[in-house]
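See below for the structure under consideration.
Keep in mind the model is a prediction, meaning the values are calculated, not measured.
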Amino acid sequence: PTTGWGVAHRIEDNAGDAFYPDVAMSPAGAAMVVWRQSPDGDGYQNIWGRSYTPRGGWGTAMPVELSERGSVNPKVAVDRNGDAIAVWGIFAFDGPRGVWSNRFTANRAWGAVEQLNDPEVNAGAPEVAVDGDGNALAVWTQGWGCSGTCNVWVSQYAPIEGWGSAEAISEGGENSVSPRPAFDSAGRAMLMWIQADEMGTNPWSNRYVPMEGWGHAALVEQTPAGASGLSFALNSEGNAIGAWIEEGEPSSAQAAIYTRAGGWKPSERIDQDGASLHGTDVAIDKLGRGLVLWHQKNGETSEIWGSRLE
């Protein structure tokens, strides 16, 4: 960066209230923003998107979908060509909730929407990641809002073949939530999620290798009092950091390192004896250096704390 931050301006221009933006950017600076909005200020909330290119600036805000069932939780990822994939959830008041997707190509057009999950089963909380070649991974919780077993499901996208069949990635458990996907530069993918079962509520992971497929779901670490507030980041070399809040009195911020050579290492406590901690966010660079943030309540003060991995 050479000129600093520009003047803030409005991204959307519809009459209705807009919520929950998500943004992704290619290495060359092409970006896509998606959000939830009722275009006329009345009726159903839909998913909208607006693209940006370094040469052309902002494009026109366009609907990603125009269903009449209520859309929520939009997420987007962008590949190195500037193509984008968006995923979101839909509240079907007359049937199960679902996870849907659409793809934006660099010729400035959104395609046709596709449902990714089994339409007979509740699904929600989608996330998406892409690699540099445009291969994508959509993940969600299937059974979200149900009273039975809820598992993490995935569907993979290839630019020529399109979306593949959805499959369950978590294995067993009473409730698997908060899936987080990522790719490395070789097209290998990893997921982390929180799973509740007879061992408690713990972080789990699974790994995808091209030409080999998915491995077996693996327990990252058994936590004495349960885990929440999961975040996960994977670097270009295939090494990762996972972070979560370990419940208890007091709670603690934990971080675990994954290497391709050695797998998951035991987590380390990274907070300074905070009384009440909530949520984490993590980033990792090519060399494996990382930064973990969390929300910490100290008395009447809410604070943001962080720890660097050097």
Side-chain angles (χ1 to χ4, degrees), residues 11-14 18-39 43-92 95-119 123-140 142 153-167 181-183 187 189:
I11 299 299
E12 49 75 34
D13 57 4
N14 290 320
F19 304 94
Y20 310 119
D22 193 44
V23 62
M25 182 175 287
S26 76
M32 174 62 70
V33 182
V34 295
W35 64 91
R36 179 189 183 199
Q37 186 170 34
S38 175
Y44 294 99
Q45 299 276 335
N46 298 119
I47 307 304
W48 285 70
R50 191 176 182 186
S51 64
Y52 173 89
T53 63
R55 289 188 177 183
W58 287 103
T60 302
M62 294 185 289
V64 179
E65 57 82 39
L66 287 173
S67 70
E68 296 183 351
R69 286 171 287 181
S71 301
V72 296
N73 300 327
K75 301 293 181 180
V76 68
V78 175
D79 67 22
R80 64 185 172 197
N81 297 317
D83 299 333
I85 289 184
V87 297
W88 63 93
I90 284 186
F91 284 107
R97 302 164 180 174
V99 170
W100 292 71
S101 176
N102 201 346
R103 183 169 183 261
F104 177 91
T105 56
N107 64 5
R108 326 297 284 182
W110 287 99
V113 300
E114 296 184 59
Q115 186 168 8
L116 302 183
N117 69 296
D118 181 344
E127 298 281 349
V128 64
V130 299
D131 69 8
D133 296 324
N135 301 299
L137 179 66
V139 302
W140 63 89
Q142 192 148 300
W153 284 67
V154 305
S155 181
Q156 293 174 257
Y157 176 90
I160 295 177
E161 293 85 357
W163 288 105
S165 299
E167 57 181 316
F183 278 101

* Which distance, rounded to the nearest 0.5 Å, do you find between the CH2 of W110 and the OG1 of T105? -> 9.5 Å
* Check: D22 side chain, V34 main-chain N or O, donor-acceptor pair, under 3.5 Å -> no
* N/O donor-acceptor pair under 3.5 Å between S101 side chain and A86 backbone -> yes
* **I11 and P21, any side-chain heavy atoms less than 4.5 Å apart** => no
* Non-neighbouring partners of R103 that pass salt bridge (Lys or Arg N to Asp or Glu O under 4.0 Å), sequence neighbours left out -> D83
* CD on E114 to CG on N102, rounded to 0.5 Å -> 8.0 Å
* Which one of V64, I47, N46 satisfies the side chain to side chain contact (heavy atoms under 4.5 Å, CB included) criterion with R36? -> I47
* Structure fact -> Closest non-hydrogen atoms of Q156 and L137, given as atom of the first, atom of the second and distance, are CG-CD1, 3.7 Å
* Structure fact -> Here the pair of heavy atoms bringing A30 nearest to V78 is O-CG1, 4.0 Å
* Asked: Nearest 0.5 Å, what's the CH2-CD distance between W100 and E65?
  -> 9.0 Å
* Asked: Going from CH2 on W48 to CG on D13, what distance comes out if it is rounded to the nearest 0.5 angstrom?
  -> 8.0 Å
* For side chain to side chain contact (heavy atoms under 4.5 Å, CB included), just list the numbers for S71 and Q45, CA-CA rounded to whole Å, side-chain angles, deciding distance to a tenth of an Å, and then say yes or no. => CA-CA 6 Å; S71 301; Q45 299 276 335; 5.7 Å; no
* Between P119 and P96, which heavy-atom pair has the shortest distance, and what is it? -> O-CG, 3.5 Å
* Could you pull out the closest heavy-atom pair between V72 and W88, with the gap in Å? => O-CB, 3.4 Å
Which atom pairs, one a donor and one an acceptor, fall under 3.5 Å between side chains of residues 124-136 and the rest of the protein, sequence neighbours left out?
from : atom 1 : to   : atom 2 : distance (Å)
D131 : OD1    : D133 : N      : 3.0
D131 : OD1    : G134 : N      : 3.1
D131 : OD1    : N135 : N      : 2.9
D131 : OD2    : N135 : ND2    : 3.1
D133 : OD1    : R80  : NH2    : 2.3

* Asked: Minimum heavy-atom separation for G82 to F104, with atom names?
  -> O-CD2, 4.3 Å
* Asked: Do you know which two heavy atoms are closest between Y44 and G70, and how far apart they sit?
  -> CD2-N, 3.6 Å
* Are any of the side-chain heavy atoms of N117 and W153 separated by less than 4.5 Å? -> no
* **Pair V33-W58, side chain to side chain contact (heavy atoms under 4.5 Å, CB included): steps then yes or no** => CA-CA 10 Å; V33 182; W58 287 103; 3.8 Å; yes
* Asked: Hey, what do you get for CE (M32) to OG (S26), rounding to the nearest 0.5 Å?
  -> 11.0 Å
* **side chain to side chain contact (heavy atoms under 4.5 Å, CB included) between W163 and I85, intermediate numbers included** => CA-CA 11 Å; W163 288 105; I85 289 184; 3.9 Å; yes
* Structure fact -> d(Q37 CD, N14 CG) to nearest 0.5 Å is 4.0 Å
* Name all residues meeting the ring pair (Phe, Tyr, Trp, His ring centres under 6.0 Å) criterion together with F183; count only those two or more places apart in sequence or in a different chain, and write none if there are none. => none
* Counting only heavy atoms not in Y20, do more than 12 fall under 6.0 Å of its OH? -> no
